[in-house]
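From a predicted model like this one, the values you see are computed outputs, not experimental measurements. Along the sequence shown, residues are numbered consecutively beginning with 1.
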Amino acid sequence: MLLGTFLLLLLLPGANPASAHAALRATDPADGSVVPAAPRSVTLTFTESVGLLDDSFRVLDPTGHRVPTGDAEHAGGHADTARISLPAGLGRGTFTVAWRVVSADSHPVSGAFTFSVGAPSATAVPVPTGPTEDPLTAFLYGTARGAAYLAAALLIGTAAFVAVCRPTRVRPLRGLLRAGGWGLAGATVLLLVLRAPYETGDGPSAALDLDALGRTLTGRPGWALLARLALLAASALLLTHAARRARPSRTHLSLGAVLAVGLALTWAAAEHASAGIQVPLAMTSSVVHLLAMAAWLGGLTALLVLLRRDTPPLATVTRFSRLAMLSVTALAVTGLYQSWRGLGTLTSLTDTSYGRLLLAKLAAVTVLLTAADWSRRWVAERAGAATPAERKEELRMPQPVGATRTGTPAPDGLTERPPEAGTPRSPEAGTPRPPAAGTALTEPSSDGDAHRRALRRSVLVEVLVAAVVLALTTVLTGTLPGRAEAEAQATRQAAALPATSVVMAPFSVAGHRGTVQVTLDPARTGDNAVEAVVYGADGGLAAVPELRIAFTFPAQDIGPLNADLTDRGGYWATNAVNLPLAGTWTMKVTVRVSDVDQVTVQKPVRVAR
């Protein structure tokens with residue numbers, strides 16, 4: 001019945017896989033750099049578009065005091081950047097920039113870096129390394145997200161089970177529809193309320209801030225959650241209207257399908273599928289993925305509820321077998337695409353948290369395979385035991401959902417079929433029990449009960465393991481995808497290399513004392529820029545008639561390579577120094593303070609590859 005469930009290992013989260021979660025690509029000023037003059041702004045560039053918060057930046061001076069800044073904005077209108085202006089007269093020393101933005105996939109990301117003006121200061125604010133989110137808020141938000149997935153599976157999957165599999169007894173399934181509808185509504189409201197503190201990293205009490213809630217309602221995640229509530233209200237109206245008819249019309253079924261697609265879109269439009277590469281295709285894949293998951297898991301739960309009392313008709317089980325196979329086929333196709341989009345490379349399966357979580361699902365799916373194979377063989381054996389006439393009668397009797405010749409509609413728009421002549425009644429709520437030869441499975445009562453209990457145990461195992469898989473899916477929705485993690489790791493490795501090399505060269509000649517600060521950017525093999533600032537004994541800028549710098553590489557007897565410095569009004573600079581080899585170079589700095597007085601000092605400089 002569920003032979004294809006092993007393909008679930010290929011799927012990523014129900015409406016999210018993508019090359020998502022913004023990773024910091026570059027900063028200006030660069031992390032750890034020393035700039036000769038205070039910058040007028042700080043600019044961050046990310047791997048994807050980001051949303052800005054009221055407090056996206058905090059700039060701290062060397063003493064730990066917060067520097068007044070302007071409002072955060074996108075640099076040049078580019079959505080993948082974040083910029084904040086700095087005041088004039090920033091001063092010298094090391095400054096710390098802490099930042100927090102929201103990825104296009106709705107997940108907040110944060111970090112911090114430092115830069116120095118003039119020279120690194122003796123004291124600086126430590127870069128934060130601890131958690132940047134409130135644990136309770138993160139737990140509540142993650143729980144609500146998982147509950148929303150589960151409720152959507154119950155609501156959409158149960159409705160699909162009733163419409164496609166057409167069980168003769170639908171009364172026990174009304175509870176699943178109610179639980180799914182109300183559960184999804186409650187989880188959505190909780191997500192909407194917690195969205196603001198989740199973005200800012202504050203505690204749950206911050207949800208009471210009406211200004212923060214208003215900001216949530218104007219963002220894309222807030223729009224998606226409001227749309228989900230509106231679609232749920234429309235679903236309730238549709239069920240109410242359908243309950244007034246003897247059976248739902250094709251219009252009702254069509255509207256129901258449209259509402260299901262709309263609900264799936266509220267996930268795709270605000271999470272991983274909405275960011276990264278191939279967004280239109282990814283969103284389409286995510287909608288199909290979520291609907292297939294709901295049809296499979298919700299239908300499996302509906303089948304388990306029916307198995308609590310008696311064995312469902314063979315036609316119902318057979319139809320669900322086909323629905324399940326169609327669902328897992330859709331999961332396989334969309335999961336393969338989303339796996340490639342989210343992982344990027346096979347090594348990400350073991351090298352990233354995202355890949356390791358995906359492998360954990362493989363262990364759960366192994367258990368699903370065993371139960372699914374037993375269920376498939378159960379259906380095949382029962383179908384083979386029935387005579388051709390019985391199978392024909394079994395497949396003929398069920399009507400479209402809500403159909404009846406003389407019955408009255410039941411609540412929720414679901415209609416029970418009236419008992420036919422000679423059909424014994426069940427003692428439970430007076431509902432008719434199908435006869436063994438027509439709609440029940442053709443076997444003695446004791447054997448039928450034994451088979452029903454065995455099938456119920458198998459389906460129960462599938463439901464429980466599927467719940468574990470769904471929990472892993474929820475965790476994956478908040479995990480950095482492998483492709484983005486690899487890109488972020490590459491960015492961190494690049495940032496770990498010396499973006500600049502700052503060398504302080506003290507000198508003393510003819511009563512003149514001072515220091516030359518030389519900045520080599522990027523201090524790697526190839527072309528480099530050189531900036532030099534001369535400071536007097538009092539620490540202020542000093543003017544000298546001439547400044548020369550040359551580089552030698554004693555290990556390979558290379559040099560001297562002269563840097564043709566020009567006076568640019570307060571500092572000396574050139575952009576044309578080529579250092580061909582990595583290693584430790586010797587930098588010779590010659591300072592001329594008069595027509596006849598000059599001095600040369602040497603300092604080692606490390607050049608990276």
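The environment of Asp567 atom CG is dense: over 12 non-hydrogen atoms of other residues, nucleotides or ligands sit within 6.0 angstrom.
In terms of the side-chain hydrogen bond (donor to acceptor under 3.5 Å, both in side chains) criterion, residue partners of Asp55 (sequence neighbours excluded) are, by chain and number, Arg66. When the side-chain hydrogen bond (donor to acceptor under 3.5 Å, both in side chains) test is applied to Thr137, the partners found at least two apart in sequence or on another chain are Asp134. Residues satisfying the ring-ring contact (aromatic ring centres under 6.0 Å, His included) test with Phe507, not counting sequence neighbours, are none. With sequence neighbours left out, Asp597 forms a side-chain hydrogen bond (donor to acceptor under 3.5 Å, both in side chains) with Ser594. Listed by chain and number, the residues in a ring-ring contact (aromatic ring centres under 6.0 Å, His included) with Phe115 are Phe95 (sequence neighbours excluded). In this structure, Phe551 has no ring-ring contact (aromatic ring centres under 6.0 Å, His included) partners at least two apart in sequence or on a different chain. Among residues two or more places apart in sequence or in another chain, the ring-ring contact (aromatic ring centres under 6.0 Å, His included) test is passed with Phe46 by Trp99.
Pairs engaging residues 200-222 under the ring pair (Phe, Tyr, Trp, His ring centres under 6.0 Å) rule: none recorded [sequence neighbours left out]. Listed by first then second residue, pairs satisfying salt bridge (Lys or Arg N to Asp or Glu O under 4.0 Å) with a partner in residues 75-93 read Glu73-Arg83, not counting sequence neighbours. Evaluation of the side chain to side chain donor-acceptor pair (under 3.5 Å) test over residues 573-586, restricted to residues two or more places apart or in two chains, returns Asp527-Asn578.
A side-chain donor-acceptor contact under 3.5 Å links Thr566 to the backbone of Ala573. Between the side chain of Thr81 and the main chain of Ala75, a donor-acceptor pair closer than 3.5 Å is present.
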Apply side-chain hydrogen bond (donor to acceptor under 3.5 Å, both in side chains) to residues Thr63 and Asp61 and explain how you reach the verdict. CA-CA 5 Å; Thr63 64; Asp61 64 17; 2.7 Å; yes
Begin with the C-alpha distance, continue with both residues' side-chain angles, and end with the deciding distance and a verdict on side-chain hydrogen bond (donor to acceptor under 3.5 Å, both in side chains) for Thr334 and Ser285. CA-CA 6 Å; Thr334 56; Ser285 174; 4.5 Å; no
Anything under 3.5 Å between a donor and an acceptor, one on a side chain of residues 537-550, the other on a protein residue two or more places apart or in another chain? List them.
from   : atom 1 : to     : atom 2 : distance (Å)
Asp538 : OD1    : Gly540 : N      : 3.0
Glu546 : OE1    : Arg548 : NH1    : 3.4
Glu546 : OE1    : Arg592 : NE     : 2.7
Glu546 : OE1    : Arg592 : NH2    : 3.4
Glu546 : OE2    : Arg548 : NH1    : 3.0

Under 3.5 Å, sequence neighbours excluded: what are the donor-acceptor pairs made by side chains of residues 201-210?
from   : atom 1 : to     : atom 2 : distance (Å)
Asp202 : OD2    : Thr200 : OG1    : 2.8
Asp209 : OD1    : Asp211 : N      : 3.0

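Here the side chains of Asp557 and Thr552 are not in contact, with every heavy-atom distance at 4.5 Å or above. The shortest distance between side-chain heavy atoms of Arg568 and Trp572 does not fall below 4.5 Å.
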